[in-house]
Amino acid sequence: MKIISVEAEAFAIPLPRHFLGSNYKYTHKKGMFIHGKTDDGIAGFGYLGDDFGLGQNIAKAVNEDFSKILIGRDPSDVESIWHNMRPLVRDILGDRRVALHAQALADILCWDLRAKAQGRSVVELLGQQRDSAPIMAIAGYYTPQNSLDELAEETRDLIRLGCRGMKLKVGGLSVAEDVARVKTVRDAGGDTFNLAVDANQAWSLTEALEFVNACEGLDLNWVEEPVHWDNDITDLAALRKKTAIPICAGQSEITVAGVARLIDAGAIDICNLHPGYAGGVTPWLKSANLARQNGLKVANTGEPQLSASLMLACDHGMSVEIYHPDRDPIFPQHCPAFSARSDGHIKDSDMNGWGIVPTST
């Protein structure tokens with residue numbers, strides 16, 4: 001089996017409203033699709049959704065550079081292909097974000113083709129560890145009103161949508177106001193509702209300490225990227241020593257070595273390396289294994305088209321993180337796992353490869 005074609009394209013879909021985090025704003029769902037075929041007629045398909053607005057450049061890099069590494073290769077040799085692509089990431093004058101996303105897309109395609117060639121899902125290929133994983137919505141974005149009543153209703157709406165929890169956006173208001181938002185979601189969701197928070201590196205260590213101290217007793221699953229990136233490893237380690245709330249980070253790392261530094265510093269309880277930012281699923285799996293060896297959990301920030309499989313292949317995995325369809329219209333359209341959700345969980349299903357389809361089913 002040999003890959004005979006690879007093609008990537010960028011997409012940008014206007015969202016019905018703006019989604020405001022602590023220090024950023026989403027107006028469109030942006031990303032890149034990738035298609036590939038083998039000489040025995042197997043068609044592969046995948047996508048990534050967090051592109052830093054660089055989708056056109058990423059797709060161009062795939063089509064002009066990374067595709068040359070893939071064409072003619074057997075996708076079953078996915079790790080060797082990943083290493084062969086690595087020199088394209090090392091141009092110190094290039095935009096590393098573009099190269100890493102392009103490598104990630106190519107890597108995701110190879111995993112899809114590899115599984116499909118065996119008539120299996122990626123979950124089966126990696127080794128299924130769980131029958132299901134709870135669904136957590138990345139939600140609670142800021143609004144012009146920041147109404148607590150509206151936040152409570154959003155929480156109830158997510159439960160109706162089939163979510164068992166929420167990763168609430170924090171860091172965009174005062175610590176006291178964000179604590180009030182946490183209490184609102186806890187009250188609206190109830191004691192069994194999984195609740196985590198994500199500050200997107202918005203706080204100083206002092207502010208992060210104030211927040212976690214105020215949230216003791218609210219049963220947070222974790223607090224994610226709570227401190228500024230300037231000195232994050234040291235500050236995360238200091239924060240972790242002073243709170244019982246698990247600390248989640250790794251999304252801003254771009255290598256397995258970066259994850260290792262977080263672990264060695266005692267900075268995290270949960271690792272959430274982003275496969276798009278780090279060059280693919282291949283390094284994500286290595287970081288997940290590193291986390292397991294150190295008794296830590298793993299998460300997969302966003303990209304539910306991947307985490308719907310990865311979380312079932314990790315006995316130390318957390319939730320499958322999705323967005324409301326208003327924030328992410330792509331996952332419901334291209335992944336049958338969304339409509340197959342049951343009792344607040346993504347469950348093992350009869351998927352082929354990643355279970356991502358080019359058109360809605």
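For clarity, every value in this text was computed on a predicted model and none was experimentally measured.
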[Y] and [X], any side-chain heavy atoms less than 4.5 Å apart:
| X | Y | value |
| --- | --- | --- |
| P283 | W82 | yes |
| L105 | F66 | no |
| W222 | K297 | no |
| W284 | Y277 | no |
| N272 | M318 | no |
| Q128 | S121 | no |
| N23 | N200 | yes |
| I135 | R341 | yes |

Keeping [X] on the side-chain end and [Y] on the backbone end, is there a donor-acceptor pair under 3.5 Å?
| X | Y | value |
| --- | --- | --- |
| H316 | A288 | yes |
| R240 | G266 | yes |
| N146 | Y142 | no |
| W203 | V175 | no |
| R181 | G140 | yes |
| R164 | P134 | no |
| E303 | P275 | no |
| D107 | T282 | yes |
| H228 | Q201 | yes |
| D235 | L205 | no |

I need the minimum non-hydrogen distance between [X] and [Y], along with the two atoms involved.
| X | Y | answer |
| --- | --- | --- |
| L236 | A249 | CD1-CB, 3.8 Å |
| G302 | S307 | O-OG, 3.9 Å |
| M1 | P75 | CE-CG, 3.4 Å |
| G172 | S22 | N-CB, 3.7 Å |
| G258 | T255 | N-OG1, 2.9 Å |
| I81 | D74 | CD1-O, 3.5 Å |

How far does [atom1] of [X] sit from [atom2] of [Y], to the nearest 0.5 angstrom?
| X | Y | atom1 | atom2 | value |
| --- | --- | --- | --- | --- |
| N221 | M136 | CG | CE | 5.0 Å |
| K167 | N194 | NZ | CG | 13.0 Å |
| H345 | D131 | NE2 | CG | 10.5 Å |
| D112 | N352 | CG | CG | 7.5 Å |
| T184 | L151 | OG1 | CG | 6.0 Å |
| L158 | M166 | CG | CE | 5.0 Å |

Please check if [X] and [Y] belong to a single hydrophobic cluster, counting links between Ile, Leu, Val, Met, Phe, Trp and Tyr side chain heavy atoms closer than 4.5 Å.
| X | Y | value |
| --- | --- | --- |
| L54 | L48 | yes |
| F331 | L161 | yes |
| Y26 | M32 | no |
| L168 | V179 | yes |
| F45 | V62 | yes |

Salt bridge between [X] and [Y], side-chain N to carboxylate O under 4.0 Å?
| X | Y | value |
| --- | --- | --- |
| R114 | E79 | no |
| E7 | K37 | no |
| D198 | K169 | yes |

Sub-6.0 Å ring centroid separation between F33 and F11: yes

Verdict with supporting geometry, I233 and L262, side-chain contact (heavy atoms from CB on, under 4.5 Å): CA-CA 6 Å; I233 293 181; L262 285 169; 3.7 Å; yes

Full working for salt bridge (charged side-chain N to carboxylate O under 4.0 Å, His left out) between R261 and D264: CA-CA 5 Å; R261 286 190 287 270; D264 291 344; over 6 Å; no

Any donor-acceptor N or O pair under 3.5 Å, side chains Q251, E253: no

No-hydrogen, no-angle side-chain donor-acceptor test under 3.5 Å, D149 and S147: no

Full working for side-chain contact (heavy atoms from CB on, under 4.5 Å) between F19 and I138: CA-CA 11 Å; F19 290 81; I138 303 172; over 6 Å; no

side-chain contact (heavy atoms from CB on, under 4.5 Å) assessment of C163 paired with I322: CA-CA 9 Å; C163 299; I322 72 169; 4.0 Å; yes

Residues R17, D326; criterion salt bridge (charged side-chain N to carboxylate O under 4.0 Å, His left out); working and verdict: CA-CA 8 Å; R17 65 179 179 88; D326 284 351; 5.5 Å; no

Candidate pair K183 and L218, rule side-chain contact (heavy atoms from CB on, under 4.5 Å), full reasoning: CA-CA 7 Å; K183 291 178 178 177; L218 292 177; 3.8 Å; yes

Member of L100, D50, L306 meeting the side-chain contact (heavy atoms from CB on, under 4.5 Å) criterion with H274: D50

D230 CG: over 12 foreign heavy atoms closer than 6.0 Å: yes

